[in-house]
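Heads up, the thing below is written out as structure tokens.
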Amino acid sequence: MSESEPSMPANLYPAADEWQAVDRYFTSTLVGEDDALITARASGAETSMPNAEVSANQGAFLGLLAQMVGARRVLEFGTLAGYSTIWFARSVGEDGRVVTLELEADNAVIAETNFRTAAVADRIDTIVGPAAESVARLIDEGTEPFDLVFIDADKPSNSVYLAAALELTRSGAVIVIDNVVRNGAVADADSTDLRVQGVRQVVNDLASNPELDATALQTVGEKGWDGLIIARRR
Ligand code: SAM
């Protein structure tokens with residue numbers, strides 16, 4: 001739901017304008033981004049993946065989900081400008097912790113500025129480098145388990161990140177995986193898009209793991225047609 005997709009052909013998605021209008025309506029009525037979130041979103045333009053953050057409605061959903069499960073510790077794969085990170089940091093509260101993993105040092109600098117603006121920098125650890133390596137270190141160090149994991153980095157590595165998430169969580173933990181519909185391409189078993197195959201592989205992993213309950217939700221809105229998986233450890 002957050003990754004920038006190729007622009008949608010207008011004739012294929014004639015309702016795209018309406019999806020965006022509905023997003024704007026709910027954002028303006030229910031969500032109410034404050035200045036810090038607006039600044040974080042705008043700063044995404046300076047990152048390596050402009051416009052790839054979650055929408056305001058999606059950020060609010062993630063924040064609410066974290067609150068609903070009483071998450072005190074959140075692990076995020078893929079920081080970008082820290083937009084979704086701020087939603088999580090606000091949800092975990094003053095005593096909570098968010099660990100966010102980002103490949104690009106320049107993105108992390110932008111994100112950390114946004115964390116200070118949002119007054120949540122003291123509850124966020126940003127780890128720069130390939131997330132597979134960062135998370136392997138967290139496992140080696142015996143890091144305290146996380147209550148919620150948000151997987152939103154390079155899609156071909158989804159399976160690696162799920163396996164790491166399982167090392168770093170315990171019963172009751174929630175795992176959310178973003179961008180799993182990809183304009184419908186996920187249903188194409190023969191897709192040559194490695195991001196699509198990354199989603200299909202992690203779906204297989206989830207489906208074959210008796211420890212996990214999972215479902216997927218399709219979404220439309222200002223980010224086009226996409227969706228997310230929500231899984232929970234039994
Ligand atoms: N979660 C962010 C939000 O909603 O505000 C958006 C994250 S964006 C979709 C994906 C991010 O993952 C980018 O910042 C990208 O640099 C990062 N990324 C890509 N490959 C990575 C890797 N191997 N390790 C860590 N981060 C990676």
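We count ligands from 1, going down the list as the structure has it; atoms in each ligand are counted the same way.
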Heavy atom of Y161, distance to ligand 1 below 4.0 Å: yes
Atom pair CZ/CG of R232 and D213 - distance to nearest 0.5 Å: 7.5 Å
Residue pair R116 / A121: nearest heavy atoms and the distance that separates them: CG-CB, 3.8 Å
Taking every non-hydrogen atom, the tightest pair across E144 and R73: O-NH2, 2.9 Å
Heavy-atom nearest option to atom 15 (C) of ligand 1, drawn from E76, E102, R41: E102
Nitrogen or oxygen of D154 less than 3.5 angstrom from that of ligand 1: yes
Backbone or side-chain N or O of L80 under 3.5 Å from ligand 1 N or O: yes
Salt-bridge criterion met for R97 and D125 (N-O under 4.0 Å): yes
Under-4.0 Å salt bridge between R24 and E222: no
Numbering as shown, the atoms of ligand 1 that approach N107 to under 4.0 Å (heavy-atom distance): 14 (O), 16 (O)
Atoms in ligand 1 flagged as close to M49, the criterion being non-hydrogen separation under 4.0 Å: 10 (C), 13 (C), 15 (C)
D23 side, atom CG; T219 side, atom OG1 - distance, nearest 0.5 Å: 9.0 Å
Side-chain donor-acceptor contact under 3.5 Å, D193 with Q197: no
Atom indices of ligand 1, in the order listed, that fall short of 4.0 Å to a heavy atom of E104: 16 (O)
Backbone or side-chain N or O of A52 under 3.5 Å from ligand 1 N or O: no
Pair R182 + D226, salt bridge at N-O below 4.0 Å: no
Under-4.0 Å heavy-atom contact with ligand 1, by part of T79 that carries it: backbone
P130, S84, G129, S157: member with heavy atom nearest to atom 3 (C) of ligand 1: S84
Atoms in ligand 1 with a heavy atom of E53 nearer than 4.0 Å: 3 (C), 4 (O), 5 (O)
The one among L101, T100, D152 that brings a heavy atom closest to atom 1 (N) of ligand 1: D152
All pairs passing ring pair (Phe, Tyr, Trp, His ring centres under 6.0 Å) where residues 159-184 contributes a residue, at least two apart: F77-Y161
N or O pair under 3.5 Å between A153 and ligand 1: no
